[in-house]
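One structure is given below, encoded as structure tokens.
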Amino acid sequence: IRQRNSEAEIMEAPEHACKYCGVHSPSTVVKCLHCSKWFCNGHGVGHSIHGGSGSGGSHIVTHLVKSKHKEVVLHPDGPLGDTILECYMCGSRNAFLLGFIPAKSDTVVVLLCRQPCASTPSSKDANWDLAQWVPLIQDKAFLPWLVKQPTETEVMRSRHISPSQIAALESVWASGDAKATVDDLGKKDAADEIEAQPVMAVYEDAYQYQNIFGPLVALEAEHDRKVKESQTQNEVVVRWDIGLNQKLVAYFTLLKLEQGEVKLAVGDELLIRYRGELSREWESKGNVIKIPNSVSDEVALEIRKSSHAPTECTHNFQVDFVWKSTSFDRMQNAMKRFAVDETSVSGYLYHRLLGHNVDPVTLNANLPKKFTAPNLPDLNHSQVTAIKQAIQRPLSLIQGPPGTGKTVTSATIVYHLAKMNKGQILVCAPSNVAVDQLTEKIHKTGLKVVRMTAKSREELDSPVGFLTLHEQVNNNDTNPEFSKLIKLKNELGELKPRDEKRYMTLKKQAEREILMHANVICVTCAGAGDPRLSKFSFKTVLIDESTQSAEPECLIPLVMGCKQAILIGDHQQLGPVIMNKKAAKAGLSQSLFERLVILGHRPLRLEVQYRMHPCLSAFPSNMFYEGSLMNGVTTHDRIRKTLEFPWPNPDTPHFFLSSSGQEEISASGTSYLNRTEASNCEKIVTRFLKAGILPSQIGVITPYEGQRAFLVQYMQYTGTLKKELYKEIEIASVDAFQGREKDYIIVSCVRSNDHQGIGFLSDPRRLNVALTRAKYGVCVLGNAKVLAKHPLWYELLMEYKTQQVLVEGPLNNMHTSGMNFSRPKKSFA
Amino acid sequence: DEDVVVHLPEREVDKEFEEEFEKEFSKMMLESLESRKFDKKSAAFDVSIPVKRAVAFQGPPGGAAQSAGTEGVVFSFLTKKGNKQQLKAVELPQDSSFVQSTKQKQEADRAE
Ligand SMILES: [Zn+2]
Ligand SMILES: [Zn+2]
Ligand SMILES: [Zn+2]
């Protein structure tokens, strides 16, 4: 099911770009007539523009010398048109012999070869002044008035090729590989093994950037493809149903999902085939509209081609994943565009993104008198500071620790920038959920917002459905012909070919119309590469949750003409998920935001948190935010006095319940579970439910898939209340809870052994996220003795101990633990 | 529309490469000259200058290499396509030897 998506035509440099450095304005390049390659008349970076003796040759002269080629032609679009440089008299084209002479009494010049044409004495009354002959190549460059030197800006944004790279490239060409490029130089002969060079903090130029990230993205894509394509599942049993929209839906369970080998998301594409003998062969693609949750392990697939579907059959189906390269192609394309298209981002951003040292720039912007946007909450001091900065600077980083109002801040920034009339604003985030949340908030301010989704997601319910491009198109009432076709299509399901063609044309028009009239377009980072936006350019781009996307993903919205970029995120929470180990190790899992922080860009931090009971925010604040987090909620706001729950200290609703229950390898053999913790978890949940807390207010976090699956089963079997109540409780990994909150959170740590590590739990960012999801209370279940060996957990456990909320024993009779820990040798930095 | 001040770390000049290039360049020049040393002397160059002038100079496209304040002087570049003469406009900077000598001549003419 390999499907090359040709949608993204990869952006290429023009044919006439300098083969060394990529500079391509027509007045600065010439073509070597011998090998038909183009070169610029510049010296590249590191030489003063006006060469002077001692410095190397201009790129064209260097090429001619290195390759022993001699003849050139100017670019047709240059000021002189496609002129071949040759002696007017004898026609010699050897550039090393040619030179200009002027007319004696007129402003006319002509090219003559030095030997013999310019060395034959002429009569005194001749029209031309041979004595003034000047060579075409001076200071190892062509005369700059004939072939221009690239500007400093052009040179800075070009590929920074080194002399040794030039020498290597010329020798590859000489050995017969005329098509070789600078990018091919480093590549090993074993082409099937993709080389992974580690990422860097600073890049010479965008070509180097692309050369590092390109292979990493390719590795990740290859990994993704292999995993998806190996997921063919046979003997699938199907249950058929009709959805609310009258579309056919197939329900089934996929074993491989349970084993955690593959991640399935709503909107993904699957291919379902009938392989039995009770009906004729049938297959159709479909979109996933439901993934396994605590209610059921079934996947729901909305069938695209329901005609002839064997709905009378239930057995012998086969399900394949359909791998799409789209988002990877878009990343590669964005990197290419970053390198070859100088309009992709402003010069300032170009150099900042590559980590160059650039003098700071302030934009001309009048700050608003009032910072609060219509229908959005009032702002605190740190939010206003962040908004001010974002408005005035071409590049801002805003760090939003948990519960500090990132989305409101983002929406307010977008509101003010839109009011300043800076053109359309592109708003992105890596996940659809985050984009939806932002869309909703921005819409509240009264701006015209369009939420564009991938076509495969159009049928999914969305909280901002009425703002989506497809619904706005369908609700169109300006064109009666189009409205009629829409109605017809809805009623009949499909149109006659001629009508369908017309419908598509009108739809494209309507889409463009709606997009053009929006103040703000909201889309996922990968979605910004949608062909429907290819003609658009966005000077202002805001990326929320930017710390959760890999750099090349962030680049997709940025290379659409960006001059002002606002990146929001928190590098102390979870980063992007990279499945390929090699790519992750090489640094693809480091976000752009994080790299900019490493380079010394101090992010503006939002400092007031409105989520957690103050006792819950204290540890994360001290550990991850230099103690800077202030509480925008009081203990009073976050205490349920009447709640019947055995908190060791009712004023500080949290505890660590230590048990020494053993971990076990889970049924799939690839994960862990812990029965003691599962039992404690069920008892806590039951207490909460009995006390009147709704299932939707409780979340259970466990880092292991094995424990998650076990908990779902265990609670329903053992829980003393109605099964449905337990089913509604969300049990998931830390990653699934990022960006979200619950009233009460139970964390089940699972790992409990004396020799091995604590796995996932040793990542401080994961711990930070787990501890900061709850508003009213946190219960941590784990083996304190084991966890305390890890420096960070040691700190956390000491904190619990000091507050006398490190406890042991059964839930209805918990007592403070007298356990003592010795400080681990390594300390937490 | 923007002024960006970028500070790039100084690049180390590759002395070895430069010296080698220096040699190769001189060799190329020399060889080119040598190759025509024994060519027959041609007739003296004396083409008449066409009267018809090239169209007005349009300025460099793509905004390359802006002259720093000083406007250049537009010359015509005489070329040949087949047997047809062509004039193309080309802007020479004020400090070029051709412009200097043209100016001197003009002043001399005026003085007469
Ligand atoms: Zn060549
Ligand atoms: Zn070049
Ligand atoms: Zn000649």
Side-chain angles (χ1 to χ4, degrees), chain A residues 25-28 45-46 56-57 62 65-66 68 70 77-81 83 88-90 94 96-97 102-103 105-110 112 114-117 120-123 126-128 130 132 134 140 144-146 148-151 153 156 162-164 167 346-348 351 356-359, chain B residues 2-14 17-18 21 24-25 28-29 31-33 35-37 39-50 57-66 72-80 87-93 96-98 101-102 105:
Chain A
S25 38
S27 58
T28 63
V45 167
T62 304
V65 169
K66 288 274 164 194
K68 302 219 182 328
K70 301 185 182 85
D77 298 335
L80 292 157
T83 312
Y88 190 91
M89 271 281 268
C90 71
N94 184 338
F96 294 90
L97 282 177
S105 55
D106 209 342
T107 50
V108 182
V109 293
V110 70
L112 275 194
R114 181 163 157 197
Q115 182 87 4
C117 302
T120 311
S122 56
S123 59
N127 294 320
W128 301 91
L130 284 176
Q132 284 207 52
V134 293
K140 303 195 199 74
W145 50 263
L146 187 75
K148 300 276 182 286
Q149 304 263 3
T151 63
T153 316
M156 287 293 218
S162 70
S164 52
S346 69
Y348 179 83
H351 292 293
H356 300 164
N357 185 3
V358 190
D359 283 357
Chain B
E2 40 169 356
D3 293 318
V4 191
V5 184
V6 188
H7 308 278
L8 289 179
E10 284 288 313
R11 260 187 171 230
E12 257 184 62
V13 187
D14 195 327
F17 183 90
E18 289 210 338
F21 183 74
E24 287 172 316
F25 182 80
M28 190 84 173
M29 270 297 186
E31 275 175 6
S32 296
L33 271 175
S35 71
R36 315 205 78 194
K37 209 172 181 175
D39 276 30
K40 275 207 185 118
K41 298 258 175 215
S42 53
F45 177 66
D46 199 9
V47 176
S48 61
I49 296 160
F57 186 74
Q58 286 164 352
Q66 62 278 53
V73 176
V74 178
F75 273 60
S76 299
F77 174 18
L78 176 64
T79 60
K80 215 167 23 177
L87 282 175
K88 292 174 175 174
V90 59
E91 188 179 358
L92 271 66
S96 92
S97 59
F98 296 171
S101 72
T102 309
K105 240 174 243 150

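Note on naming: letters A, B, ... go to the chains in the order of the sequence lines (proteins, then strands), and numbering restarts at 1 for each one. Fair warning: this is a prediction, and the values are worked out from it, not measured in the lab.
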Query raised in the report: From B:Met29 CE over to A:Arg114 CZ, what is the distance, rounded to the nearest 0.5 angstrom?
Result: 7.0 Å
Report task. Could you give me the CA-CA distance, side-chain angles and deciding distance for B:His7 and A:Val358, then say whether side-chain contact (heavy atoms from CB on, under 4.5 Å) is met? Result -> CA-CA 6 Å; B:His7 308 278; A:Val358 190; over 6 Å; no
Query - Stepwise side-chain contact (heavy atoms from CB on, under 4.5 Å) test for A:Val134 and B:Phe98 - result: CA-CA 9 Å; A:Val134 293; B:Phe98 296 171; 3.5 Å; yes
Query raised in the report: chain A heavy atoms under 4.5 Å from B:Phe17: which part of the residue, side chain, backbone, both or neither?
Result: side chain
Requested in this report: Find the one option among A:Thr153, A:Leu97, A:Leu146 whose heavy-atom pairs under 4.5 Å with chain B are most numerous.
Outcome: A:Leu97
Query raised in the report: Hey, what do you get for CE (B:Met28) to CG (A:Asn94), rounding to the nearest 0.5 Å?
Result: 6.5 Å
**Report entry** Heavy-atom closest contact (A:Lys70 atom, B:Ser32 atom, distance)
**Finding:** CE-OG, 4.1 Å
Report summary line: Nearest heavy-atom contact between A:Val110 and B:Leu78 is CG2-O, 3.5 Å
Report task. Decide whether A:Thr83 and B:Lys88 meet the rule of one side-chain donor and one side-chain acceptor closer than 3.5 Å. Result -> yes
Requested in this report: Evaluate the criterion side-chain contact (heavy atoms from CB on, under 4.5 Å) for residue pair A:Thr107 and B:Thr102; output intermediate values, then yes/no.
Outcome: CA-CA 7 Å; A:Thr107 50; B:Thr102 309; 4.0 Å; yes
Report summary line: side-chain hydrogen bond (donor to acceptor under 3.5 Å, both in side chains) filter on B:Thr79, not counting sequence neighbours, yields none
Requested in this report: Determine the minimum heavy-atom distance between A:Trp128 and B:Val47, stating which atoms define it.
Outcome: NE1-O, 2.7 Å
Report summary line: Looking only at A:Val109, A:Leu130, A:Thr62, most heavy-atom pairs under 4.5 Å shared with chain B are made by A:Val109
**Report entry** Heavy-atom pair with the smallest gap, counting every atom of A:Met89 and B:Phe45
**Finding:** CG-CD1, 3.1 Å
**Report entry** Qualifying residue, where the test is salt bridge (charged side-chain N to carboxylate O under 4.0 Å, His left out) with B:Glu24 and the options are A:Lys66, A:Lys68, A:Lys140
**Finding:** A:Lys66
Report summary line: One should read off an interatomic distance between B:Phe77 CZ and A:Trp145 CH2, to the nearest 0.5 angstrom, of 7.5 Å
Report summary line: Rounding to 0.5 Å, atoms SG (A:Cys90) and CZ (B:Arg36) come to a distance of 4.5 Å
Query raised in the report: Any idea which heavy atoms bring B:Ser97 and A:Gln132 closest together, and the distance?
Result: O-OE1, 3.9 Å
